[in-house]
Each structure stands twice: as C-alpha cells, then as structure tokens.
2 protein chains.
Amino acid sequence: MIRVLLADDEQLIRQAIATLLGLEADIAVVAQVGRGDQVAAAVAEHRPDVVVLDVEMPGMDGLTVAESLPGQAMLILTSFGRPGYLRRALAAGVRGFIPKDASADELAGAIRKVHAGGRYLDPEMAASAMMAGESPLTDRERDALALAARGASVTEIAGALHLSEGTVRNYLSSAITKLGAGNRIAAIRTAQDMGWI
Amino acid sequence: MIRVLLADDEQLIRQAIATLLGLEADIAVVAQVGRGDQVAAAVAEHRPDVVVLDVEMPGMDGLTVAESLPGQAMLILTSFGRPGYLRRALAAGVRGFIPKDASADELAGAIRKVHAGGRYLDPEMAASAMMAGESPLTDRERDALALAARGASVTEIAGALHLSEGTVRNYLSSAITKLGAGNRIAAIRTAQDMGWI
DNA sequence: CGTAGGAGATGACGAATGTCATCTCGGTGG
DNA sequence: CCACCGAGATGACATTCGTCATCTCCTACG
C-alpha cells in the first residue's frame with residue numbers, strides 16, 4: 001500500500017483527488033494539508049511514502065517545500081506548466097511532475113513510478129521546458145523584476161535591494177533585453193509565464 | 001435526479017469532482033467539457049438542470065459563457081475570489097458562486113439550491129465583493145489598462161483602441177489615480193486582483 | 001603578484017510615462 | 001434654442017524609464 005500525503009490549498013480539489021486515489025487498490029491517502037508551511041509537520045507525523053504537492057499554496061509554495069524535504073519521494077501537481085517550475089522541482093530532487101489536466105490514471109501511475117524510485121515527467125511539460133531552456137536572468141535581475149512585478153517603483157526596489165537606483169534601472173534594462181520584451185510590463189509577463197519569477 | 005454539466009479545463013479536477021458528485025444520491029453528472037466554447041453545444045445536447053462553470057478556461061471564460069446562456073441554472077466554481085467575478089456572474093443571471101476551496105458538501109448543497117431556484121453565494125466572497133464595491137473604471141479606462149497589462153505600449157494601445165496617444169495616457173493616468181496606485185504596473189495588479197480587467 | 005571578471009555605481013540622454021489645464025464636438029435635457 | 005455634460009484630443013511639463021559607456025571595488029585564479 002502506497003501511503004500518500006496530499007498538499008493543495010483548495011479543499012474541494014484535495015478532497016476530490018483523495019477520493020479518486022482512494023479508488024485505487026494500492027494507494028491510500030493518509031493525510032491532507034492545505035498550506036505549504038504545514039507539509040513538513042505532516043510529513044514528520046505521518047511518514048508518507050509519496051508527497052503530492054501543489055505549487056500554488058499559501059504559507060509556502062510547493063517548490064520551496066520540496067527544497068526543504070530532501071530525500072522524500074515527491075510529486076508536483078500544478079495548474080501551470082511553467083518551464084521554470086519543472087527545473088526548480090528537478091533541482092529539488094522531485095521525481096514526478098504532472099499537470100492538473102492529466103487523468104486520474106496518469107496521476108496514479110505517476111505516484112507508483114515515483115514510489116518505485118522512478119521518474120514521471122509529463123511529456124508535454126518536459127518538452128516545453130527543454131524548448132524554453134533555463135532562465136537567462138541573474139539573481140539580481142530576477143529580484144528586481146519580481147519586485148517590479150508587484151508594482152514597486154525603481155526607488156522602492158533600490159531600497160529593498162540595497163542598491164542604487166541607477167543599478168536597479170540597469171538590471172531591469174538588461175532583464176528586458178534578455179527576455180526580448182519591449183518594456184518592463186512585457187518582461188514581467190514573460191518571466192511569470194516561464195516561471196522565472 | 002439533478003442532471004449536472006461540468007465545465008472545467010483541468011481534467012483531473014473535472015474527473016475528481018464528477019466522482020465526488022456521483023456519490024450524492026440525487027446528483028448525476030451527465031456531461032463534462034474542458035473548454036468554454038464547448039459548453040453551449042453540450043448544453044443543447046444534454047439539457048442539464050444545472051451547469052457548473054469554472055471561470056478560467058480556454059476558448060471562452062466561464063463568465064462570458066454564463067452571459068451567453070440566459071435562463072440556464074448555473075453555478076460558478078472558481079479558484080480566485082475576485083470581487084468583479086461575482087458581480088459579472090450575478091449580472092449574467094448566475095445564482096451560485098462558490099470557491100474551489102469549499103467542501104464537497106457545500107458544492108452539492110449549492111447545486112441543490114440553484115436547482116431549486118434559490119441562490120448560493122459563498123459568504124466570504126459575497127462579503128469581499130461588498131467591501132470592494134464595483135469597478136471605478138470606465139469602459140475605456142478598463143480597455144486601455146487591459147491592453148497595458150499585456151505589455152502593450154501607449155502607441156500600441158492607441159492603435160488598438162483607435163484613440164490618440166494623449167487620450168490613452170489620460171485614461172491610464174485616471175485609472176492609476178482611481179485605483180490608488182503609484183504607477184501603471186501597480187494599477188494593473190490591483191485591477192486584476194479585483195477581477196476588474 | 002598580476003589580472004580578468006563580476007557586482008555595483010555613476011552620469012548622461014532620449015524616449016516613454018504621468019499629470020493638468022484646456023479645447024472641440026455630439027448628444028441630451030430643459 | 002441653448003446650456004450642459006461626457007468622450008476624446010491637444011499641448012505642455014515634470015518625472016520616470018530604458019540604454020550606454022565608463023569607473024570602482026572585490027574576488028577568484030593562474
């Protein structure tokens with residue numbers, strides 16, 4: 001019997017997936033949590049064989065959670081096929097990555113693969129991640145762009161990052177260039193779509 | 001028996017919710033679609049009692065679908081509690097509005113209410129919609145801001161809207177002021193969070 | 001030791017943005 | 001008929017952005 005921990009912020013989804021997985025003879029959902037920052041405690045308590053993580057969660061996002069659980073068998077389940085998500089997940093030791101528009105069979109199959117020590121990456125997501133390559137942004141460019149994405153002005157970004165305003169403009173400028181965008185807003189959109197911020 | 005049509009783009013979610021609803025004695029899921037633009041045809045074919053619509057769907061979003069089905073009993077199911085969504089839904093004659101982090105019981109209850117001709121609005125969402133009031137933006141301001149949100153420059157927006165660049169700047173400026181934002185990007189974020197664009 | 005390279009700062013400059021006051025021109029209501 | 005109002009246009013102006021070339025440290029590395 002494969003013991004599964006389910007982490008997803010939407011109760012209906014969590015409950016529904018738990019029900020579906022419960023129909024599989026060899027899978028048992030032993031715990032459910034609705035926040036990223038509750039996963040670690042639940043893992044410690046229930047010692048699941050496989051942890052199924054949503055990326056978008058309050059408290060702590062699924063990728064950060066994954067990074068904090070080395071050695072644990074994990075599978076990421078996400079709505080958004082952002083290439084950057086897959087990269088971060090793989091870097092964190094996650095062996096399964098599946099979109100929410102997969103079928104229940106695929107999910108169950110992926111859980112079994114991951115439990116057996118194998119990998120399961122959604123083929124389409126893997127392909128788009130390959131196509132996209134990895135983020136061309138440096139850490140600083142990413143930080144500056146992420147703050148800009150929240151509506152911060154150059155002055156505010158400079159304050160938050162302890163940089164001069166000119167430097168911030170330089171970073172944003174080079175991020176815009178690297179992303180092939182025409183302005184800050186387009187750069188933000190691209191970076192978000194790719195999962196780079 | 002309440003005949004339900006389920007429209008949601010994520011197969012796993014759709015399948016899972018269908019399974020959950022199937023456990024209810026008086027509810028039967030008679031059809032499922034994964035795209036907004038397939039809902040009308042499916043409704044014509046299956047004549048469901050209640051249509052459950054996700055807001056975020058490819059092809060056509062759930063709110064637009066709702067507006068195109070006057071008289072049909074509908075229930076909106078969404079991840080995002082954007083106040084503007086609720087308003088649009090109510091204006092389109094939708095009588096049920098429920099977040100994806102509700103429980104299956106609540107969903108089933110809401111479906112029964114809507115089928116019986118009643119209303120079910122998630123209390124929390126209704127409250128935040130009341131707090132937020134309705135969009136302060138004029139149509140033009142909204143259009144301009146929506147295009148800006150996609151990364152368009154003032155020149156491009158002016159072209160798309162058949163306005164002069166100065167007028168576009170005026171609209172954007174007044175949108176920024178009305179939303180209490182410091183710049184275009186912050187205005188975009190606010191408007192998106194509220195479901196106003 | 002010497003030096004290449006990266007992070008950050010600076011200054012300059014043109015282009016885009018944000019803000020205002022003002023003007024035009026079709027309605028619309030009295 | 002006329003005053004009024006709202007959508008849109010215009011022009012002007014101060015900022016803020018986006019871009020570049022250049023300069024300073026600091027660090028890794030041969």
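Chain identifiers are assigned alphabetically (A, B, ...) following the order of the sequence lines, protein sequences preceding nucleic acid strands; residue numbering begins at 1 within each chain.
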Q: Could you check how far CD of E165(B) sits from C1' of dG8(D), rounded to whole Å?
A: 15 Å
(Q) I'd like to know if K100(A) and D8(B) make a salt bridge, using a cut-off of under 4.0 Å between side-chain N and carboxylate O. (A) no
Q: Please report, rounded to the nearest Å, how far the C1' atom of dT16(D) is from the CD atom of E156(A).
A: 13 Å
Q. For the pair made of CG in N170(B) and P in dT17(C), what is the distance, rounded to whole Å?
A. 14 Å
Q.
How close do R140(B) and L163(B) get, counting heavy atoms only, and between which atoms?
A. NH2-CD2, 4.1 Å
Q. Counting only N and O atoms by type, is there a donor-acceptor contact under 3.5 Å from the side chain of D49(B) to the main-chain atoms of H115(B)?
A. no
Q) Tell me: CD of E141(B) to P of dG6(D), nearest whole Å? A) 13 Å
Please list, pair by pair, any protein nitrogen or oxygen found under 3.5 Å from a nitrogen or oxygen in nucleotides 6-8 of chain C.
{"from": "dG8(C)", "atom 1": "OP1", "to": "R140(A)", "atom 2": "NE", "distance (Å)": "3.1"}
{"from": "dG8(C)", "atom 1": "OP1", "to": "R140(A)", "atom 2": "NH2", "distance (Å)": "3.0"}
{"from": "dG8(C)", "atom 1": "OP2", "to": "R140(A)", "atom 2": "NE", "distance (Å)": "3.1"}
{"from": "dG8(C)", "atom 1": "OP2", "to": "Y171(A)", "atom 2": "OH", "distance (Å)": "2.5"}

**Q.** Along DNA chain D (nearest heavy atom to each residue), the more 5'-positioned of V168(B) and R169(A)
**A.** V168(B)
(Q) Between S79(A) and E10(B), do the side chains contain a donor N or O and an acceptor N or O under 3.5 Å apart? (A) yes
Q. Under 6.0 Å from the CZ atom of R119(B), do we count more than 12 heavy atoms belonging to anything else shown?
A. no
Q. Any cation-pi pair here, R88(A) with Y85(A), using under 6.0 Å and within 45°?
A. no
Q: Return the residues of residues 172-191 of chain B meeting this criterion: a heavy atom under 4.0 Å from some atom of DNA chain D. Order them by number, or give none.
A: none
Q) Would you call R112(B) and D26(B) a salt bridge, taking side-chain N to carboxylate O under 4.0 Å as the test? A) yes
